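Written out below as structure tokens is the structure these notes cover.
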Amino acid sequence: MRGLLKLTIGLVALVGLLAGADRIAVGVAEDEAADRLASGGRMSQPPSVHIEGFPFLTQALAGEFDEVRLSGEGMTVGDGKEQVALRSFSARLSGVAVGDGYRSATVRSGSGSGLISYADAARLVPGAERLELSYGGPGKVKASVMGVSIGQGDVHSKGNTITADGFQLTGVASLLKGRMAALLGPRSFTLTELPAGLNLAAAVPQPDGLQLSFSGEHVELIG
């Protein structure tokens, strides 16, 4: 009986040691992945990386991780000229295969989201220096000049391009249709710098900004 008890205690201790080693290894891998994502240009700064699944070491030996979660504040998106803040970024990546001594990684599929403020969205719109954008209701943005509301339009996206069009002039602006209509023609911008190599899936107006959704398949994450 004592022998069985000692064996049981020994096995429990061994399992504990292995589990501890596994958690240490995954922590090191997560930190390394964050640094490589930033240095490789896929992210504007190191994100928080969480590798799902247990044990980690068996996934590492196989060279593929079932699921990896990314998150962070202070990320950016851009159009190649201007960079703006992407708030509350998070992404879930499935089937992350690594190779070349962990110097490359591809993702079978991924999705994510983040928010850009209306002030930052306006910075990305060519020729919109005088316009101020704000929430105009479901699917719509409101345009203002010097704090005076002049109309609202619909927001939609195609590929990585976000467009606001169909503006309806309101209030005083409706009396100045010629000049205001020119100012409120279709406005769009294309995001060429997106996090983790993902593509834009949708842009939805929310009270605090444009909620961006991302997706991608067979994405090169590192390399």
Side-chain angles (χ1 to χ4, degrees), residues 8-78 83-116 120 157 159-160 191-204 206 208-223:
T8 301
I9 293 172
L11 288 173
V12 170
L14 178 60
V15 169
L17 288 172
L18 290 174
D22 190 84
R23 293 300 87 193
I24 291 172
V26 74
V28 171
E30 289 169 347
D31 291 342
E32 180 67 19
D35 290 339
R36 292 199 179 188
L37 282 168
S39 63
R42 295 293 188 273
M43 307 286 284
S44 55
Q45 67 178 39
S48 173
V49 179
H50 184 73
I51 299 173
E52 301 278 4
F54 180 84
F56 161 78
L57 291 174
T58 57
Q59 297 183 81
L61 289 172
E64 182 168 338
F65 302 99
D66 296 335
E67 198 164 275
V68 177
R69 289 191 289 110
L70 308 177
S71 62
E73 293 290 343
M75 302 295 170
T76 62
V77 293
Q83 292 278 336
V84 300
L86 179 68
R87 294 156 41 196
S88 303
F89 169 73
S90 64
R92 187 175 292 271
L93 311 176
S94 300
V96 181
V98 297
D100 191 24
Y102 287 83
R103 287 185 289 272
S104 68
T106 57
V107 177
R108 184 173 64 249
S109 64
S111 62
S113 64
L115 186 86
I116 59 175
D120 283 339
S157 64
N160 289 344
L191 296 173
T192 59
E193 301 165 26
L194 294 169
L198 298 172
N199 294 311
L200 182 68
V204 179
Q206 299 291 343
D208 51 352
L210 283 180
Q211 182 74 40
L212 306 183
S213 298
F214 310 107
S215 66
E217 293 184 353
H218 307 295
V219 173
E220 185 181 80
L221 186 62
I222 300 173

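This structure is a prediction, so every number in the text was calculated from the model and none was measured.
- Surrounding CD of E217 are at most 12 heavy atoms belonging to other residues, nucleotides or ligands under 6.0 Å away.
- The two residues L194 and L200 make their nearest non-hydrogen contact at CD1-N, 3.5 Å.
- Between S157 and A203, the closest heavy-atom pair is OG-N, 3.8 Å.
- A salt bridge links E52 and R69; the closest N-O separation between the charged side-chain nitrogens and carboxylate oxygens is under 4.0 Å.
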Quiz item: Would V204 and L210 satisfy side chain to side chain contact (heavy atoms under 4.5 Å, CB included), going step by step from the backbone distance to the final call?
Solution: CA-CA 6 Å; V204 179; L210 283 180; over 6 Å; no
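- Residues that satisfy the salt bridge (charged side-chain N to carboxylate O under 4.0 Å, His left out) test with E73, not counting sequence neighbours, are absent from this structure.
- Considering CG of L198 and OG of S109, their distance stands at 10.0 Å, rounded to 0.5 Å.
- Using a 4.5 Å heavy-atom threshold, the side chains of S94 and D66 count as separate.
- Counting heavy atoms from C-beta on, the side chains of L115 and L86 never come closer than 4.5 Å.
- In terms of heavy-atom proximity, G197 sits nearest to V219 at O-CG1, 3.4 Å.
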Quiz item: Is there a side chain to side chain contact (heavy atoms under 4.5 Å, CB included) between F214 and N199 once you walk through the steps?
Solution: CA-CA 5 Å; F214 310 107; N199 294 311; over 6 Å; no
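- In this structure, the side chains of S113 and S90 come closer than 4.5 Å at one or more pairs of heavy atoms.
- How far CD of Q45 is from OG1 of T76: 8.0 Å, rounded to the nearest 0.5 Å.
- Contact detail for I116 and A85: the closest heavy-atom pair is CG2-O, 3.3 Å.
- Side-chain contact check for M75 versus R87: every heavy-atom pair is 4.5 Å or farther apart.
- For the atom pair CD (E67) and CD1 (I51), the distance works out to 12.0 Å, reported to the nearest 0.5 Å.
- Within the 4.5 Å cutoff, the side chain of T192 has no heavy atoms near those of the N160 side chain.
- Residues P195 and V77 approach most closely at CD-CG1, 3.9 Å, considering heavy atoms.
- Nearest heavy atom pair, residue V98 against residue A105, reads CG1-CB, 4.1 Å.
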Quiz item: Can you check side chain to side chain contact (heavy atoms under 4.5 Å, CB included) on T106 and V96, steps first, answer last?
Solution: CA-CA 6 Å; T106 57; V96 181; over 6 Å; no
